[in-house]
Amino acid sequence: MKFFVDTAEVDAIRELQATGLLDGVTTNPSLIAKSGRDFKEVIAEICEIVDGAVSAEVAATDLEGMIREGEHLAKIADNVVIKIPLTPDGLKACRHFSNNGIKTNVTLCFSANQALLAAKVGATYISPFVGRLDDINLTGMDLIADIRGIYDNYDFETQILVASIRNINQVSEAALVGADVATIPPAIIHKMYHHPLTDKGLAAFVKDWASTGQSIL
Ligand code: G3P
């Protein structure tokens, strides 16, 4: 499963890039607003930091505007992926970009039917928001399993990009159901490393090695 980081904070992206774990980055208008940065400048900087897919979302909601903005954003760097909301005009724009070799990430997906539509118009990625479904007492990961089954039934190439991740369990659950990508907030990625038994075991190894009085070098 690919790991994307879900942020527009370049310091956090640089730190994670150094781990060798990062396959891409997703942003959205809320994350850009939170960064306080110029949108096109921060996308360009992120594209310099990571080689993988960098999602940049259009602001327009009409077909002509989405196409115009998406084509403009695609010129920033070769690894820019155009993020488009899952609406009728958004899917028409997706079909336009797919027909013209521009990679797309169809976002704000909350149903299997929506994901089926996105695959049929050639979306590169589909972003179902599992956290927001959990927030209303639905089970976001069930949607991922449903989409996985539908896509596998028809060999759709659209990649399932699990988004709106709130905890580390959702990362492993996404991997268990066969998602292609998880886009993970930086803090959640850092939490994935830790287990108390690892810390306890390492402390014991360090203590016992010290008691040998030996040196490896
Ligand atoms: O990439 C989509 C993600 O940023 C949405 O997450 O926490 O706003 O539901 P959240």
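One-based numbering, in listed order, for ligands and for the atoms of each. When reading the values below, keep in mind they use all heavy atoms of this one structure, side chains included, and skip hydrogens, waters and symmetry mates.
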Please give the N or O to N or O pairs under 3.5 Å between ligand 1 and the protein, distances rounded to 0.1 Å.
residue  : atom  : partner : partner atom : Å
ligand 1 : 1 (O) : Asp6    : OD1          : 3.1
ligand 1 : 1 (O) : Asp6    : OD2          : 3.4
ligand 1 : 1 (O) : Lys83   : NZ           : 3.4
ligand 1 : 4 (O) : Asp6    : OD2          : 2.5
ligand 1 : 4 (O) : Asn28   : ND2          : 3.0
ligand 1 : 7 (O) : Arg166  : NH1          : 2.8
ligand 1 : 8 (O) : Arg132  : NH2          : 2.8
ligand 1 : 9 (O) : Arg132  : NE           : 2.7
ligand 1 : 9 (O) : Ser164  : OG           : 2.7
ligand 1 : 9 (O) : Arg166  : NH1          : 3.2

How many angstroms lie between CG in Asp134 and CZ in Arg132, if you round to the nearest 0.5 Å? 12.5 Å
From Thr61 atom OG1 to Asp89 atom CG, the distance as rounded to the nearest 0.5 Å: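 Those atoms lie 7.5 Å apart.
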Qualifying residue for ring-ring contact (aromatic ring centres under 6.0 Å, His included) with Tyr125, from Tyr151, Phe156, Phe4: Phe4
Using the side-chain hydrogen bond (donor to acceptor under 3.5 Å, both in side chains) definition, which of the options Asn105, Asp6, Thr183 pairs with Ser127? Asn105
Got a sec, which residues hit salt bridge (charged side-chain N to carboxylate O under 4.0 Å, His left out) with Glu41, two or more places apart in sequence or on another chain? none
Is Thr158 reaching over with its side chain to a backbone N or O of Ala123, donor-acceptor style, under 3.5 angstrom? yes
